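Structure, as structure tokens:
Source: prediction; values computed, not measured. Residue numbers begin at 1 in each chain, while the letters A, B, ... track the order of the sequences. For the numbers below, each heavy atom of this structure counts, side chains included, while hydrogens, waters and symmetry mates do not.
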Protein chains: 2
Amino acid sequence: MRQFVHPSASDIRIESVLHALSDPVRLSIVRQLAQEGEATCAALDGGRPKSSMSHHFRILRESGIVKTRNEGTSHMNELRSADLDQVFPGLLTAILNAAPNL
Amino acid sequence: MRQFVHPSASDIRIESVLHALSDPVRLSIVRQLAQEGEATCAALDGGRPKSSMSHHFRILRESGIVKTRNEGTSHMNELRSADLDQVFPGLLTAILNAAPNL
DNA sequence: TCGCTTGTTCGATATTATTCGAACAATAGC
DNA sequence: GCTATTGTTCGAATAATATCGAACAAGCGA
């Protein structure tokens, strides 16, 4: 498919990160990525249409939260934990420690 | 004026907090409150119209980030640091430690 | 090459946010 | 009571987001 836009660590903006994670769907994606290490888009769709998921993954990518690489026909996603922790120490941990909505 | 809606600590939702803080105006308000302890709405308006500020303070109140009390004709605002730190340990600190946009 | 799978992109719609002027409410002081 | 001050609320315009079907693109295997 394409090559993706990933901001460098120094270009990650706190407002963009907070906005990206304020959406329940995206926060859920990030939680699952934190648990499972990495996953394809399809593995995390929860029954949602592909176009919706693609949109959310783009927001996560462009805000610097997720890194996507091509793997055959599918896309493998992982959290940019190290980059995030370098730029905003403790932020990702604090958010992931928050109890998910029941 | 009125009495305000302040969610109890246990009703503070991470999505609402992240959404509230993803707005540059509101994040700036929170930064100033963190520095100065407390402030009236007018002291933080930065030249913006009162109705806009009132809107932002409402978002901050209803998400559980700020507590507002009446003080004569003005409203004094302070961060609910203890409540936030109890529900989402380290979150507020991590966000406040992020370098403000220059 | 053909088809299958995985995602992206486009376009349209619906929902939600932001912004701000104008009117209103509440308090303090004269 | 009158007036000034401080914010809230209302209403409307504008902007940004979310959602999803349909069409497209790229790799893989038969």
Atom-to-atom span, CD1 of I59(B) to C1' of dA17(C) - whole angstrom: 8 Å
Just how far, in rounded Å, is C1' of dA26(D) from CG of N70(A)? 9 Å
Can you identify which nucleotide, out of dG27(D), dT8(C), dG7(D), has its nearest atom closest to the H75(A) side chain? dT8(C)
Taking DNA chain D as the partner, which of residues 25-56 of chain A come within under 4.0 angstrom of it by heavy atom? R26(A), P49(A), S51(A), S52(A), H55(A), H56(A)
Is R26(A) reaching over with its side chain to a backbone N or O of A20(A), donor-acceptor style, under 3.5 angstrom? yes
Where along residues 11-23 of chain A does a heavy atom fall under 4.0 Å from DNA chain C? none
Are F4(A) and H75(A) an aromatic pair, judged by ring center distance below 6.0 Å? yes
Side chain to side chain contact (heavy atoms under 4.5 Å, CB included) with P49(B): which residues, sequence neighbours excluded? S51(B), S52(B)
Nearest-Å distance for atom pair CG/P, residues L60(A) and dT8(C): 11 Å
Partners passing salt bridge (Lys or Arg N to Asp or Glu O under 4.0 Å) against E15(B) (at least two apart in sequence or in another chain): none
Taking S63(B) for its side chain and I59(B) for its backbone only, find out whether a donor-acceptor pair lies under 3.5 Å. yes
Measure CD/E71(B) against P/dT27(C) and give the value in whole Å, please. 14 Å
In whole angstroms, how far is the C1' atom of dT6(D) from the CG atom of N77(B)? 12 Å
Tell me whether N77(A) contacts the main-chain N or O of A39(A) through its side chain, where contact means a donor paired with an acceptor under 3.5 Å. yes
Of all pairs that satisfy side chain to side chain donor-acceptor pair (under 3.5 Å), the ones with a partner from residues 85-96 of chain B, not counting sequence neighbours: none
For E62(B), which residues count as a salt bridge (Lys or Arg N to Asp or Glu O under 4.0 Å) partner, sequence neighbours excluded? R58(B)
Qualifying residue, where the test is salt bridge (charged side-chain N to carboxylate O under 4.0 Å, His left out) with E38(A) and the options are K67(A), R69(A), R80(A): R69(A)
In whole angstrom, give the distance that lies between atom CE of M76(B) and atom C1' of dG7(D). 13 Å
Nucleotide dT18(C), atom C1' - distance to CZ of R58(B) in whole Å: 12 Å
Just to confirm, is there a sub-4.0 Å distance from OP1 or OP2 of dT8(C) to any side-chain nitrogen or oxygen of R61(A)? yes
